[in-house]
Chemist: 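Below you'll find the structure I mean.
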Amino acid sequence: MTRCTRRRSGRRWRRHSPRYSAAPLRQLVDEGRERDPKTGQYGSLDDSEAAIVCLAMPEPDRRTQLTDEALAELRKVAPVAGESMLFEDRCRHWPVPPTMLPHPITAKGAAPILIVNNTRDPATPIEEARTAAERITNSALLTNDADGHGVFGKGPCVNNVTARYLLNGTLPDKGISCSDNALPAHTSKPPLG
């Protein structure tokens, strides 16, 4: 076991000790990539997601991905996490031409659609949710003034509006907004009423 020479709060820390194990992080990554703990084999989620993204990405967008030189530089400055951020770069060399071209989606004739989004979501920006709500007929946008990805379970306003929609198909009034933040773990069970 390698000892770390720094002290914190008068204690010597050990690198790779069970107390500071990376095992929980590894488990999350394995679950996200559908790894079978018995065989060590990964599922097809990454490959199928790449196929879906690349087949929907127009040729000009594929060519504007990172150059080989920029990719080499990223690997140099961020050898551990850098390449994991390049999901869509795989499309640069995707051998099949795109089959879906961008087009407006209105969902005409669909059942009511509730779009729920945090105002500061790094994965699905609020602007995209607003655009979707404008384009999709028979929809409503519920915005939550909060950070992060994932809204349901953040608090009573979001939970009640979403539960009403899921249980009764009832859309809220246009322009509804909440200011819920994540609840503490012991009170995070969403209401169903």
Side-chain angles (χ1 to χ4, degrees), residues 1-9 11-102 105 115-118 120-125 128-129 132 144 146-154 158-159 162 166 181-190 192:
M1 203 177 291
T2 306
R3 288 188 184 246
C4 190
T5 57
R6 288 189 213 160
R7 289 183 176 266
R8 183 171 175 160
S9 304
R11 293 175 289 167
R12 187 175 290 253
W13 285 25
R14 292 181 185 196
R15 194 178 303 166
H16 307 298
S17 71
R19 183 170 177 201
Y20 303 104
S21 172
L25 180 59
R26 180 75 225 174
Q27 182 180 355
L28 284 173
V29 170
D30 284 350
E31 287 174 8
R33 296 192 60 213
E34 298 179 322
R35 182 174 183 267
D36 184 324
K38 293 178 184 166
T39 65
Q41 298 291 312
Y42 290 93
S44 61
L45 180 64
D46 282 351
D47 294 330
S48 60
E49 193 171 11
I52 292 165
V53 169
C54 294
L55 288 174
M57 184 180 286
E59 289 289 342
D61 291 344
R62 290 182 183 188
R63 289 192 294 275
T64 61
Q65 299 294 305
L66 288 175
T67 63
D68 290 332
E69 296 79 25
L71 181 57
E73 179 65 20
L74 183 60
R75 286 181 178 139
K76 180 180 168 186
V77 293
V80 175
E83 198 162 343
S84 68
M85 309 308 266
L86 301 176
F87 176 80
E88 290 182 359
D89 189 61
R90 292 185 276 185
C91 298
R92 186 164 46 120
H93 301 294
W94 193 257
V96 180
T99 58
M100 280 189 344
L101 297 177
I105 296 174
I115 301 168
V116 186
N117 218 103
N118 284 325
R120 294 176 299 280
D121 184 333
T124 54
E128 292 181 17
N144 186 47
D147 301 312
H149 185 64
V151 182
F152 192 66
K154 291 258 185 184
V158 166
N159 293 348
T162 305
L166 293 173
N181 291 313
L183 296 169
H186 65 282
T187 61
S188 62
K189 186 175 180 183
L192 294 175

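FYI, the numbering just counts along the sequence from 1. We use all heavy atoms of the structure for the numbers below, so side chains are in, but hydrogens, waters and symmetry mates are not.
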Chemist: Using atom types as modelled and distance alone, determine if a side-chain donor or acceptor of N144 lies under 3.5 Å from a backbone N or O of N117.
Modeler: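 No: the side chain of N144 does not pair with the backbone of N117.
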
Chemist: Are any side-chain N or O atoms of D121 and backbone N or O atoms of T124, one a donor and one an acceptor, separated by less than 3.5 Å?
Modeler: yes

Chemist: If you look at every heavy atom in D147 and N118, which pair is closest and at what distance?
Modeler: O-ND2, 3.5 Å

Chemist: Show the nearest heavy-atom pair for residues H149 and A123, with the distance to one decimal.
Modeler: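 That would be ND1-CB, 3.5 Å.
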
